[in-house]
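Working notes for the structure below.
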Protein chains: 2
Amino acid sequence: MKHLLCVPGGENALGGSCLAERFSHYVRLSPAEQAALDRLEDRARDFRRGAVVIRENERPREMYVVRSGWLHSSTMLGNGSRQIMRFLFHGDVLGMSLLAFSDSPETVTAVTDVSLCPFPRERFAGLITEHPRLGALMLGIAVSERASLADRLASIGRTPARARVGSLICELFARMRRLKMIDGDAITLPLTQEDIGDATGLTSVHVNRMLRGLVEDGIIERNGSRIRMLDEPRLTEQANFIDRSELETGWLPPPR
Amino acid sequence: MKHLLCVPGGENALGGSCLAERFSHYVRLSPAEQAALDRLEDRARDFRRGAVVIRENERPREMYVVRSGWLHSSTMLGNGSRQIMRFLFHGDVLGMSLLAFSDSPETVTAVTDVSLCPFPRERFAGLITEHPRLGALMLGIAVSERASLADRLASIGRTPARARVGSLICELFARMRRLKMIDGDAITLPLTQEDIGDATGLTSVHVNRMLRGLVEDGIIERNGSRIRMLDEPRLTEQANFIDRSELETGWLPPPR
DNA sequence: CGCACCTTTGAATGAGATCAAAGATGGTGG
DNA sequence: CCACCATCTTTGATCTCATTCAAAGGTGCG
């Protein structure tokens with residue numbers, strides 16, 4: 001399980017900011033925007049597998065963009081159980097809640113070793129003042145994350161266990177495919193069945209049985225932490241999964 | 001069950017835009033911002049109880065701010081069941097998903113008669129270009145809604161039925177109190193127990209039993225659609241409820 | 001005043017949780 | 001390089017919370 005670690009030197013990624021790379025999936029950045037984004041981020045910071053990057057109820061100092069590795073965001077309930085809200089990959093923003101709350105409502109944990117590009121909230125405010133289109137784009141990203149959460153809510157609130165697990169698998173495949181983190185038709189999950197349970201509102205025991213059922217029905221194949229997709233259309237349909245990774249950019253204001 | 005209907009004439013609310021009123025809860029608007037907001041909205045539009053304002057998978061033309069009345073946003077699953085995501089009150093924005101998707105991922109339905117202030121997406125883009133602080137504020141609102149969804153997700157995914165119902169009641173009390181929609185320590189819910197079930201991931205039968213249990217334990221009191229809160233601290237604790245209606249505005253860029 | 005819709009209640013059923021223990025797996029240090 | 005230990009997966013048995021099914025009260029609107 002190897003992941004890119006820190007690239008030394010003043011700049012972050014190879015020649016540009018992490019956020020710029022993410023944004024450029026949606027729009028063609030103007031030179032001025034590109035330059036402003038290059039000034040946004042601090043030097044990349046690394047965390048080990050299991051490290052807590054942002055802790056619930058604490059006051060994060062910065063926001064981050066994922067450069068490499070997996071993370072998840074979760075909350076801890078009073079009764080000791082955990083709900084995982086979302087998994088974060090390359091290009092995902094963490095700590096956005098800093099734009100609404102001084103104390104973080106969520107814990108963000110590194111699932112693998114990760115490298116993150118940090119940037120302070122105030123500098124971000126400057127960025128979107130100078131470049132409103134980028135602010136609008138970030139708003140679009142926030143809205144789309146809200147929709148993903150809503151999908152997961154419907155999945156957990158209104159579908160049986162098998163569909164919940166299926167839906168998570170579909171989502172991971174869709175997102176990882178888009179990031180080329182997929183190997184043919186298989187992905188590697190650095191997750192325990194307990195993690196999957198915490199994301200789907202199930203116990204690890206029951207997750208095990210559901211996975212097993214999906215294998216028996218020839219929908220997926222597993223060995224170790226590797227999952228091969230055998231019948232994606234069927235799983236997508238059984239799980240009510242809808243891919244929302246496309247972003248509508250037609251309404252955005254012009255660049256500066 | 002009476003609600004304000006349309007105010008005829010060129011302007012929307014009494015001397016200003018609905019969105020301006022919402023924003024002014026968080027920041028003091030500059031004259032330029034105020035003026036721009038006044039130009040944002042079209043004439044208010046009314047819908048009857050039960051009307052569908054935005055339909056899933058269709059292409060909404062505009063966004064709206066709630067001027068009066070209740071609505072909820074929901075999705076319909078393939079199996080015919082419904083998940084209610086969120087209830088919308090005075091000042092809430094609907095159709096924000098238009099900023100990320102061309103097709104709406106959610107249905108928005110009027111729970112009571114409502115009056116809404118519509119504004120087109122493109123004009124909104126112009127607004128936040130001229131006034132980046134308002135864009136930043138909208139971003140904050142989107143992020144805070146995401147957090148509320150996350151809270152509900154944890155509630156549904158990881159707490160028993162009684163706590164789920166309790167959490168919803170706490171949320172409604174907190175939000176309605178802030179909007180002065182509360183009468184002493186009681187609120188009026190224009191919801192059926194089926195609606196509550198669709199919001200909490202339960203059946204109406206079980207919602208009934210849970211409400212009944214809360215009454216028996218002296219936590220709430222009911223008659224008809226009226227709910228009186230008798231022991232809010234206890235309910236808040238049992239339901240793991242956290243009020244997130246406060247918004248952090250310290251990071252916002254200066255107004256124009 | 002009557003009908004449609006909502007609430008309430010009981011009994012039976014079932015999906016998923018809990019409890020317990022036996023295999024796998026893999027990372028670590030000797 | 002191997003052995004050991006911790007962690008994770010798998011499986012079975014039992015239990016429980018919530019659903020389902022069914023039917024009897026309420027309530028308010030037209």
Side-chain angles (χ1 to χ4, degrees), chain A residues 1-3 48-50 77 79-84 109 111-113 155-169 188-216 220-227 238-239, chain B residues 1-2 48-50 77 79-83 109 111-113 155-169 188-216 220-227 238-239:
Chain A
M1 214 176 289
K2 297 183 195 70
H3 287 272
R48 314 242 78 184
R49 183 158 77 84
L77 284 268
N79 54 15
S81 59
R82 183 178 66 156
Q83 175 68 49
I84 294 180
T109 310
V111 176
T112 64
D113 290 348
S155 173
I156 292 183
R158 284 301 190 206
T159 74
R162 183 190 165 98
R164 297 192 210 174
V165 174
S167 167
L168 179 63
I169 293 176
T188 302
L189 294 192
L191 302 175
T192 65
Q193 296 180 359
E194 181 117 29
D195 292 331
I196 298 177
D198 285 342
T200 52
L202 301 168
T203 58
S204 60
V205 173
H206 209 59
V207 167
N208 183 279
R209 295 198 232 267
M210 295 303 105
L211 286 174
R212 194 142 279 286
L214 291 173
V215 171
E216 270 171 26
I220 61 171
E221 202 176 275
R222 284 184 313 153
N223 47 4
S225 56
R226 211 158 175 63
I227 294 193
Q238 283 185 13
Chain B
M1 215 175 289
K2 297 184 195 70
R48 314 242 77 183
R49 184 159 77 83
L77 283 269
N79 54 15
S81 60
R82 183 178 66 157
Q83 175 67 50
T109 311
V111 176
T112 64
D113 290 349
S155 173
I156 292 184
R158 284 301 189 206
T159 75
R162 183 188 164 101
R164 298 192 208 175
V165 174
S167 167
L168 179 62
I169 293 175
T188 301
L189 293 192
L191 303 175
T192 65
Q193 296 180 0
E194 181 118 29
D195 292 330
I196 299 178
D198 286 342
T200 53
L202 300 168
T203 58
S204 60
V205 173
H206 208 58
V207 167
N208 182 279
R209 296 197 231 268
M210 295 303 105
L211 286 174
R212 195 143 279 285
L214 291 172
V215 171
E216 270 172 26
I220 61 171
E221 203 175 274
R222 283 185 313 153
N223 46 5
S225 55
R226 211 157 175 65
I227 293 193
Q238 284 186 12

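Lettering of chains follows the sequences in order, A, B, ..., and the numbering in each one begins at 1.
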Do B:Arg49 and B:Val111 make a side-chain contact, defined as non-hydrogen atoms from C-beta onward lying under 4.5 Å apart?
no

Answer whether the closest heavy-atom distance between the side chains of B:Ile196 and B:Met210 falls below 4.5 Å.
no

Rounded to whole Å, CD1 of A:Ile156 lies from C1' of C:dG16 at a distance of 14 Å

Would you call B:Leu211 and B:Ile169 a side-chain contact if the rule is heavy atoms closer than 4.5 Å?
yes

Just how far, in rounded Å, is C1' of C:dG26 from CZ of A:Arg226?
17 Å

In whole angstroms, the gap separating P of C:dT7 from CG of B:Leu189 amounts to 11 Å

Please give, in whole Å, the distance from D:dT19 P to B:Asp198 CG?
11 Å

Any side-chain N or O of A:Thr203 below 4.0 angstrom from OP1/OP2 of C:dG16?
no

Here the pair of heavy atoms bringing B:Ala239 nearest to B:Ser167 is CB-N, 3.4 Å

Residues forming a side chain to side chain contact (heavy atoms under 4.5 Å, CB included) with B:Arg158, sequence neighbours excluded
A:Leu77, A:Ser81, A:Gln83, A:Asp198

Counting any heavy atom closer than 4.0 Å, what does B:Gly201 reach on the DNA or RNA strands: base, sugar-phosphate only, or nothing?
sugar-phosphate

Do the non-hydrogen side-chain atoms of B:Thr203 and B:His206 ever get within less than 4.5 Å of each other?
yes

Which comes earlier along DNA chain C counting from the 5' end, the contact point of A:Gly224 or that of A:His206, where each point is its nearest nucleotide?
A:His206

Please list, in numerical order, the residues of residues 157-165 of chain B that have a heavy atom closer than 4.0 Å to any atom of DNA chain C.
none

Using distance alone, with no hydrogens and no angle criterion, decide if A:Arg226 and A:Thr188 have a side-chain donor and acceptor under 3.5 Å apart.
yes

Is there side-chain contact between A:Leu202 and A:Arg164, with at least one heavy-atom pair below 4.5 Å?
yes

Here the distance between atom P of C:dC6 and atom CD1 of B:Ile196, to the nearest Å, is 12 Å

Sorted by chain and residue number, the salt bridge (Lys or Arg N to Asp or Glu O under 4.0 Å) partners of A:Arg222 (sequence neighbours excluded) come out as none

If every non-hydrogen atom of A:Leu168 is compared with every non-hydrogen atom of A:Ala199, which pair is closest and at what distance?
CD2-CB, 4.2 Å

Measure the angle between the two terminal helix axes of the helix from C:dC1-D:dG30 to C:dG30-D:dC1, five base pairs each, and quote it to 10°.
50°

B/S/- along nucleotides 5-12 of chain D (protein heavy atoms under 4.0 Å) is ---SSBBB

Nearest-Å distance, CE (B:Met210) to P (D:dT16)?
16 Å

Applying side chain to side chain donor-acceptor pair (under 3.5 Å), name anything that partners A:Asn208, two or more places apart in sequence or on another chain.
A:Gln193

